[in-house]
Amino acid sequence: MRTCLSGCIQAQPWLSFPAGGGIHMDSYCPPRWKEKVVIVMGATGTGKSRLSIELATHFPAEIVNSDKIQVYQGLEIVTNKVTDEEQQGVPHHLLGVVNPEDEFTALDFRHLASLTLESITMRRKLPIIAGGSNSYIEALVEDQDLEFRSKYDCCFLWVDVALPVLNSFLPERVDRMVQAGLIKEVRNNFDRAAAEADYTHGIRRAIGLRELDRYLRSEGNANWETRSRLLEEAIDEIKANTIKLACCQVEKIHRLRRRHGWDIHRIDATDVFRKGGEEAEHAWEMLVARPSISQVEQFLYG
Ligand code: ATP
């Protein structure tokens, strides 16, 4: 642990002094050293959550969710939130905390995430921001007054899977979500009394809700064949929209890299998805977990 000249404890002991030996005798403390933040990016379904938890079990870290839909309470299956068991005791922030009816904008995210990062670094932990909402990450990192950049050094990790491979995996994941109870979960949150639902606000923007609307309305007033057809169409639509989301997210990562010159380390996880069973686990370890850990090690101690 290090103590700065005016007596405060340096939050992250792995940090080095700023280039040029910039130690000032100010009467107040930070920011003398920039704090460090890891940002895990990637399209839906690529393993961002798994990687961030693995990193957080390797380094003393806490995770900040940056998925604009997972911030809301409820709809655990639809929104693919990590379960308590999957979290492995790693503290997760901004996950399932916002009222489903409320708007939670990129600016709200910036505000809450900034406070959360401060509290994590005060606990001398490394914040790992993980999630697919690139607009939220951009709002946080590239704020108008450059405050974030003046406080934090960022290590961007991008878990990437070649889209043709990811696009054949995502429909299977939707099938698993359906088996896990996605339809029932949406039905329990479906307001049959409303003549028309608004799928443009709050958690209702989640992929899966708008798509199931016609099917759920047909329950009780359509025959079995019609209902089966509507359900099949809805599930196909969920699959198509999930694939579309993944493509948009990848495009956005490329755009962010160009627009802001972010030094994003691409971790190619494609082979993990090409393999199955133990081979996939081995590929994950060799191609994703280890390279990411050494990237973060270099970032922290480098
Ligand atoms: P955009 O500006 O296009 O909204 P973004 O970077 O702010 O992009 P994304 O994470 O790409 O946010 O989400 C875009 C849309 O994808 C959301 O509005 C929602 O419809 C859907 N979506 C995102 N995350 C989830 C999720 N976890 N579960 C269900 N749907 C999601």
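Just so you know, residue 1 is the first one in the sequence shown, and it goes up from there. Whatever order the structure lists them in is the order used to number ligands and atoms, beginning at 1.
- Relative ring orientation between Phe104 and Tyr72 is described as perpendicular, the plane-to-plane angle rising above 60° on a 0-90° scale split at 30° and 60°.
- Note on Arg266 versus Asp268: salt bridge recorded, some NZ/NE/NH1/NH2 to OD/OE distance being below 4.0 Å.
- Between the side chain of Asp153 and the main chain of Lys36, no donor-acceptor pair closer than 3.5 Å is present.
- Taken to the nearest 0.5 Å, the CD1 atom of Ile63 stands 3.5 Å off from the NE2 atom of His92.
- Protein residues having a heavy atom under 4.0 Å from any atom of ligand 1 are Asp67, Lys68, Ile69, Gln70, Val78, Thr79, Gly132, Ser133, Asn134, Ser135, Arg205, Ala206, Ile207, Leu245, Gln249, Lys252, listed by chain and number.
- Using a 3.5 Å distance cut-off with no hydrogens or angles, the side chains of His201 and Asp198 do pair a donor with an acceptor.
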N/O donor-acceptor pairs under 3.5 Å from side chains in residues 244-251, not counting sequence neighbours:
unit_1 : atom_1 : unit_2 : atom_2 : d
Gln249 : OE1    : Thr44  : N      : 2.7
Gln249 : NE2    : Gly132 : O      : 3.3

